[in-house]
Each structure stands twice: as C-alpha cells, then as structure tokens.
*Asks:* 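Mind having a look at this structure? Questions to follow.
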Amino acid sequence: MLSYEVVEHGKPLQARLRETPQPQGSEVLVRITRSGVCHSDLHIWEGYFDLGGGKRFYVKDRGCVPPFTTGHEPYGVVEKLGPQASGVKVGDKRLVYPWIGCGSCAVCEAGQDNYCLNQRFLGVVKPGAYATHVVVPDAKYLIDASGIDEGWAATLACSGLTAFSGIAKLPDLAPRDWVIVLGCGGLGMAAIAMLQARGVSNIVACDVDETKLARAREQGAAASVDTRGADALDQLKSITGGAIAGALDFVGMPATANLGIAALAKGGHYVLCGLFGGEITLSLPPIAQRGISVRGSYVGSLGELKQVVALAQSGKLKPSPVEVRPASEVNRTLQELLGGKVIGRVVLDFEHTDPDRAA
Ligand SMILES: [Zn+2]
Ligand SMILES: [Zn+2]
C-alpha cells in the first residue's frame, strides 16, 4: 500500500510504501478511491492545536506520533474481510465513518463514538485515508452512499457531518429567525446547503474572503458580511433586524467567537465547531441576562452520518463545491488550505494511484 505520511510535523508529507495490512477479526480492509482534505488535518500535520494564551495541545500526547497517516474523509471499495467480518462483501463501495470509539463504553453503546475517551479515530489516532488502503475495525462503520458523487460522498464523513451535527444543536427556528455561518470553507458551504434542506433560508455568510462569500451566496446564503470591517456586528444586526437565533462558528478563533456571541438575539445559540484556536474572555452576567447558549459540537455520530447520507441521496442537499485532484498533490493542497486558498473541498483521487509508481 501507499500512504502519504507526516514524517516530521510541518514538513511535506512523504510517500511511503508499506505492507498492505491484513484485516483481523471483524476488521475490513478498504481500498481508498477518494479522500477529502480537511482543515483539521493541518493541525495534525503541524502537530498541535492552539489553546490560546501561549498554550498548546500537542497531538503526540494523544498518540499521534510520526510517521503518521492523516485523512478522515475516506471513501472506497471493500477489498478484504477479516474472518469474523460480516455485513459487506468484496467490491462493495462504501463511505467510512472515521470517528470510531472503543466500541464498548457507555458513550459508544449510546451511539456517540465521537465522544468516546478511548477513541480510535481514523486519521487522528489510527492510520487514515491519505493512503490507498485503510483498515476499519468493523463493517458497521461502513455506509452505502450509492447514488451520489463519490468525491462529495467522501466529504460528508467530516465536513458534511460536522455541519449537520452543529445545526442539529440549534433549536427549532421560527420563520423570522436568522442563522449566521462564520467561515465559508468546506464546513460553512456544507452548512448553508443543510440549513436550506432544513427549510432555513435566512442565512448570512460571514468570512474575510470575497471569493468565498460570493460562492456562499451562490450556495444559497441570503446575505453576506465581510467580517474584516469594523462595522461587521452592526451590518449583521441591520441585515437580520437583530433576530439572530443561531451562530454556527466553523472557524473557532477569537474574532469569530466574539462576533458570533455578540450578534445573538436574546435566547440565541452560539455553536462552536471550528478548531482554529485561541481563547476569549466572556463577561458572565450577559450570558444569563441574554439567556444565550454557548456550546460546542465535535464532528458527529454514526447515526447522524447515516442521516446526512440519506439527505444527500434524497436530492434535497445541494452538493458542496468539490475539486478532485491526484493524490500526489496532497502537499500542494495542504499549503493552499493553510493559505485559505481552497474553495469548498479538495478531494484526493487514490483510485488512479499506482503505489509502485507513486512512491
Ligand atoms: Zn475534518
Ligand atoms: Zn467508547
């Protein structure tokens, strides 16, 4: 098998040829055809998350030590089953749910693998999908996503799912309510499509990049605000008449958090999904006085990913912009993502990767 591995944090990924793993027990070996490139891969590549105030969370402290294969938006073909594996057959095309927990704790038994403390997340603590092959612990994590574009399907495993689960944390919205989407990269674009599928059209897209804002309006946002302006908060209030019931933050930096929380109407919900980094200081009385909620949402559950796939298959969800590139362009892609140059999602094509030639 071929994988593009983090050999040293922050340095270009290196192509490595390794023995293709043999699935044991209930494991399933999936040959990857499409692999989405997510912004959080940058953190794993760089080796840390910025906690603000000079504090960092190092990914090596949760077992992610180079050489390591990142990538958590895997789509592929079942190539081999372990002796106890069942539920799929060789040749089945499947989307892989990557947020796999231990499988036996109370959280996992409640179907919330993504909040398990003994996580086996693919591309985070286990070898991920910047590779021709991935071992999945059990066929139950494989989802039939037939009928939709494979590149787009891959992106549903993280960007689609994260957007869906973040939106699910908003209460039912009244027709006059507005939602602001902070950050119009892959996640924000998916969220705009999903809000619309949920019947929400009062959406304001917020970003610092005019090209992304234009794409967000094409995607269905009713309005957009360039948040570099000092009057961004005033603009949001005037566009929405002050009726912002939800703020979805797909960036997660002090500027977006402060803006999202400040913009909320009384009783509104700020949901943090982005992991850009930093810290903020919040005055406590207004949180109570305004009756607002500040909460986080991390990726999503297996059940939610099945709902996302069903939504996509129903035709109600407008596909997010996806650009498919040869897998060998992974380093260029990471650099572009780092520079904020990617519109929507880049998906790596491993289907046409010949391990012997690529390495
Ligand atoms: Zn991701
Ligand atoms: Zn668990």
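Each ligand, and each atom within it, is numbered from 1 in the order the structure gives. In this chain, numbering begins with 1 at the start of the sequence shown.
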*Asks:* If you have a sec, read the angle at the Zn ion (ligand 1) from C158 atom SG over to H72 atom NE2, to 10 degrees.
*Replies:* 110°
*Asks:* Report whether any nitrogen, oxygen or sulfur of C38 sits less than 2.8 Å from the Zn ion (ligand 1) (N, O or S, backbone or side chain).
*Replies:* yes
*Asks:* Please check if the side chain of R198 supplies one atom and the backbone of I167 the other of a donor-acceptor pair under 3.5 Å.
*Replies:* yes
*Asks:* Under 6.0 Å from the ring centre and within 45 degrees of the ring axis: does the NZ or CZ of R56 meet both conditions for the six-membered ring of Y48?
*Replies:* yes
*Asks:* Hey, are E79 and R31 close enough for a salt bridge, meaning a charged N less than 4.0 Å from a carboxylate O?
*Replies:* yes
*Asks:* For the atoms SG of C116 and SG of C102, give the angle they form at the Zn ion (ligand 2), rounded to 10 degrees.
*Replies:* 110°
*Asks:* Given atoms SG of C105 and SG of C108, what angle do they subtend at the Zn ion (ligand 2), to the nearest 10 degrees?
*Replies:* 110°
*Asks:* Check the surroundings of atom NZ in K318: do more than 12 heavy atoms from other residues, nucleotides or ligands lie under 6.0 Å from it?
*Replies:* yes
